[in-house]
Amino acid sequence: MAQLKSISALSSSNLAFHGPKRESYPDHGKVCCPGKLSSFQELAARKSELQGNTFAVTSSNGIVTRAHNKQVIRAVLPTYSETELSGSTKERGLRGKLNKVVLAYSGGLDTSVIVPWLRENYGCDVVCFTADVGQGLKELEGLEKKAKASGASQLVVKDLKEEFVNDYIFPCLRAGAIYERKYLLGTSMARPVIAKAMVDVAKEVGADAVAHGCTGKGNDQVRFELTFFALNPKLNVVAPWREWDIRGREDAIEYAKKHNVPVPVTKKSIYSRDGNLWHLSHEGDILEDPENEPKKDMFMLTVDPEDAPNEPEYVDIGIVSGIPVSVNGKKLSPASLLDHLNQIGGKHGIGRIDMVENRLVGMKSRGVYETPGGTILFAAARELESLTLDRETMQVKDSLALKYAELVYAGRWFDPLRESLDSFMGEISKTTTGSVTLKLYKGSITVTSRKSPYSLYRQDISSFESGDVYDQADAAGFIRLYGLPIRVRAMLDS
């Protein structure tokens, strides 16, 4: 009999984690984007339709359990009998023998197909795992039924939102980690927290392997597997897209029909999307040509700046030791704080980025990202540092932030170098405490106020008026010494 604990119903403004990010075909396991976005009200309605405000799951005994905020999700399906498994756990598969595999599961087409493929090729039980990283409850709906229909022996769903924001997003924010000048690492930060949870689940259920649905062209295969290596190198890793003969959606549908797996009925999206509480990414279709401007109705978290309110909104961000703790004086949990800022930023068209980036595997790709709350937080954190960090420290921090971002992008979250850099960032950010007020208006962010009890700014020194701390006459000697190399070179030239 299915055992089911409550599922978190924290409403967020982001879309679903669909398992590892896919690049093979743009419609797989993604969320469509119908209609035209003309106002914030329409945007909110689309978010509500995608996410839903409540979530209910019916177990095999007919009991419905509804969602409640901030609760860990854990749905466990009954184990199949040997007859139902057709002896798959007793025999060697076509490619070898594994006992039990934990699969990163979305309920979409390819992960539904991966379940029977694993059983057929490795003769194993399959435990499906889904992470709630703030993608919205709509995408978690019906997973129990889908997993059971695909042949899974268990389904485990965990709420990782607070861990994701507190232990992954906020450290990157404190470090100022931005990849290639623009990308705020939304997908890069989500993969290690999901992979870590998979390793934990593998230990809980006694699995000897983990599997993901990443393709051989993308970054996510590296991010997942480096995390597996770091946390449990004894686990076997299965990557079906690097092994099987399925090459696209039609092949996957045919395989599903052959193995009596119900094909998930979803409206085809022209874009490939990946979302979580931090961001939403868009790839594919017209975006594959970097000359094409994104269509207005593609965006789902942010209104077009042209349609944003005609009046600006002021927001005050409270920060302690480089970590955000409050919005407009109200203390919030990490996930709640980010969710709140996503709503505010989305309303004003904040956080749209269009970029061509260098993938880890060597190719360039074009993506469009919506990161409303994250963009607000980065602006606030950087501005507060202008008060609390001296010049040399700021320059070193900025240079190391580039390396920090590269490590996270490349999936090296649990690398000792990333952890050491994080210790440095934590140490120098101890005095980065205070508040910053920002004005949001039609896609732009303007800093209007910043203050800190540890501010290095001294009005009595910076003032044009004479003071006791700084004697302007001292500047003459300083300039002569500072300019000595220039003077010497000029003497040689003459």
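Because the structure is predicted, anything quoted here is derived from the model rather than measured. In what follows, residues are counted from 1 in the order of the sequence shown.
- Note: F129 and Y105 fail the aromatic proximity criterion, with ring centroids not under 6.0 Å apart.
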Side chain to side chain contact (heavy atoms under 4.5 Å, CB included) between I114 and L103: does it pass, once the steps are laid out? CA-CA 8 Å; I114 288 175; L103 168 66; 3.6 Å; yes
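- Side-chain N/O atoms of E385 and T432 include no donor and acceptor closer than 3.5 Å.
- The salt bridge (Lys or Arg N to Asp or Glu O under 4.0 Å) contacts involving residues 427-440 comprise E427-K430, where partners must be two or more places apart or lie in separate chains.
- Here the shortest heavy-atom pairing between K397 and A175 reads NZ-O, 3.3 Å.
- The pair E204-K100 does not meet the salt-bridge criterion, since no charged nitrogen lies less than 4.0 angstrom from a carboxylate oxygen.
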Tell me which donor-acceptor pairs under 3.5 Å the side chains of residues 228-236 have, and how far apart each pair is, sequence neighbours excluded?
from: N232; atom 1: OD1; to: K234; atom 2: N; distance (Å): 3.2
from: N236; atom 1: ND2; to: D208; atom 2: O; distance (Å): 3.1

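- Nearest heavy-atom pair across G206 and N99 is O-ND2, 3.9 Å.
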Carefully, step by step, assess E311 and K347 under the rule salt bridge (charged side-chain N to carboxylate O under 4.0 Å, His left out). CA-CA 11 Å; E311 294 296 326; K347 179 174 65 175; over 6 Å; no
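- Judged by a 6.0 Å distance limit and a 45° cone about the ring axis, R418 is positioned over the six-membered ring of W413.
- Remark: T393 pairs with L389, D390, I428 by the side-chain contact (heavy atoms from CB on, under 4.5 Å) rule, at least two apart or across chains.
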Please table the atom pairs, donor to acceptor, closer than 3.5 Å between any side-chain atom in residues 165-174 and protein atoms at least two apart or in another chain.
from: R174; atom 1: NH2; to: D422; atom 2: OD1; distance (Å): 3.3
from: R174; atom 1: NH2; to: D422; atom 2: OD2; distance (Å): 3.2

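- A donor atom on one side chain and an acceptor atom on the other are not found under 3.5 Å apart for S452 and T388.
- Under the rule for a side-chain contact (heavy atoms from CB on, under 4.5 Å), the partners of M355 that lie at least two apart in sequence or sit in another chain are E180, K182, Y183, I353, E357, Y369.
- For residues 326-336, the set of pairs meeting the salt bridge (Lys or Arg N to Asp or Glu O under 4.0 Å) definition, not counting sequence neighbours, is empty.
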